[in-house]
Amino acid sequence: MFNENYWDDALGLTKLELSYTAHVDGFYGECFDYSVYFTDDTADEAKADAVRNAVHSFDYNVTDDDYIGCLSISLDDNKVSIFLDLGNVQPQNENKIIQGTLLALNSVHGIKKVIINEGCL
């Protein structure tokens, strides 16, 4: 069976220089649900806007096609959620987008942790 950090290693998260903790909880196909938690354990529209601005302005450095997938960012109780669907993304760009989303969040102040596919087994 997989160890707890299998997906972190497989997706290259352990090699990223992040200002917060990131972990992949599980995997379900081409969709990724990022749960963004803040150090003060609250989330509001200003934090959601900061996440939106960071993610949408980030240069993902994709090749052959500039499509980064279907991306939705919302406010959910005590976290900001980023839903990323990589359907129709060029295979060579998938990891750039998965990792790039995390790297984009480095510019957002006060992030404590990001859990990808939280609760997914």
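This one's a predicted model, so the numbers in the text were calculated from it and none came from an experiment.
- Atom CD1 of Ile68 is separated from atom OG1 of Thr101 by 6.5 Å, given to the nearest 0.5 angstrom.
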For Lys113 and Val36: C-alpha separation, side-chain torsions, deciding distance, then whether side-chain contact (heavy atoms from CB on, under 4.5 Å) applies.
CA-CA 6 Å; Lys113 66 181 176 181; Val36 182; over 6 Å; no
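- Side-chain N or O atoms of Gln90 include none that pairs as donor or acceptor with a backbone N or O of Thr63 at under 3.5 Å.
- Across all non-hydrogen atoms, the minimal contact from Leu75 to Ala48 is CB-CB, 4.4 Å.
- Side-chain contact between Asp85 and Glu30 is present, with heavy atoms from C-beta onward closer than 4.5 Å.
- When side chains are defined from C-beta on, Leu11 does not count as touching Gln99, because their heavy atoms never get closer than 4.5 Å.
- Between the side chain of Asn93 and the backbone N or O of Val89, no donor-acceptor pair lies under 3.5 Å.
- Distance alone, capped at 3.5 Å, is enough to place a donor-acceptor pair between the Asn106 side chain and the Glu17 backbone.
- At least one side-chain heavy atom of Ser74 sits less than 4.5 Å from a side-chain heavy atom of Asp76.
- Note that OG of Ser81 and CG of Asp33 are 5.5 Å apart. Values are rounded to the nearest 0.5 Å.
- Under a hydrophobic clustering in which Ile, Leu, Val, Met, Phe, Trp and Tyr are joined whenever their side-chain heavy atoms come within less than 4.5 Å, directly or via other members, Leu16 and Ile116 fall into the same cluster.
- Between the side chain of Asp8 and the backbone N or O of Val24 there is at least one donor-acceptor pair closer than 3.5 Å.
- The pair Asp49-Arg52 meets the salt-bridge criterion, with a side-chain N (NZ, NE, NH1 or NH2) lying under 4.0 Å from an Asp/Glu carboxylate O.
- To the nearest 0.5 Å, the span separating CG on Asp77 from OG on Ser35 amounts to 11.0 Å.
- In terms of heavy-atom proximity, Ala104 sits nearest to Ser107 at O-OG, 2.9 Å.
- By the 4.5 Å heavy-atom criterion applied to side chains, Ile82 and Ser72 are not counted as neighbours.
- Listed by first and then second residue, the ring pair (Phe, Tyr, Trp, His ring centres under 6.0 Å) pairs involving residues 60-96 are Phe58-Tyr60 (not counting sequence neighbours).
- A donor-acceptor pair is defined here as one N or O able to donate and one able to accept, closer than 3.5 Å; no such pair exists between the side chain of Asn117 and the backbone of Cys120.
- Using a 4.5 Å cut-off on side-chain heavy atoms (C-beta onward), Asn5 and His23 make contact.
- With 3.5 Å as the limit, one finds a donor-acceptor pair spanning the side chains of Thr42 and Lys47.
- For residues 28-53, the set of pairs meeting the ring pair (Phe, Tyr, Trp, His ring centres under 6.0 Å) definition, not counting sequence neighbours, comprises Phe27-Phe32.
- Checked by atom type, the side-chain pair Asp9/Thr14 shows a donor-acceptor distance below 3.5 Å.
- For the pair Glu94 and Leu86, the minimum side-chain heavy-atom distance is below 4.5 Å.
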Q.
For a side-chain contact (heavy atoms from CB on, under 4.5 Å) check, start with the C-alpha distance between Leu84 and Cys70, then their side-chain angles and the critical distance, and finish with the verdict.
A. CA-CA 6 Å; Leu84 172 63; Cys70 181; over 6 Å; no
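- Leu13 and Ile115 are assigned to two separate hydrophobic clusters, defined by single-linkage of ILVMFWY side chains at heavy-atom distances under 4.5 Å.
- Annotation: side chain of Lys112 is in contact with side chain of Asp41 (closest heavy-atom distance under 4.5 Å).
- Checked against Leu18 for a side-chain contact (heavy atoms from CB on, under 4.5 Å), the options Leu105, Val114, Leu102, Ile111 give a single hit: Leu102.
- Remark: side-chain polar atoms of Lys96 are paired, donor with acceptor, to backbone N or O of Asn61 under 3.5 angstrom.
- Scanning both residues, Ala50 and Val108, for their nearest heavy atoms gives O-CG2, 3.7 Å.
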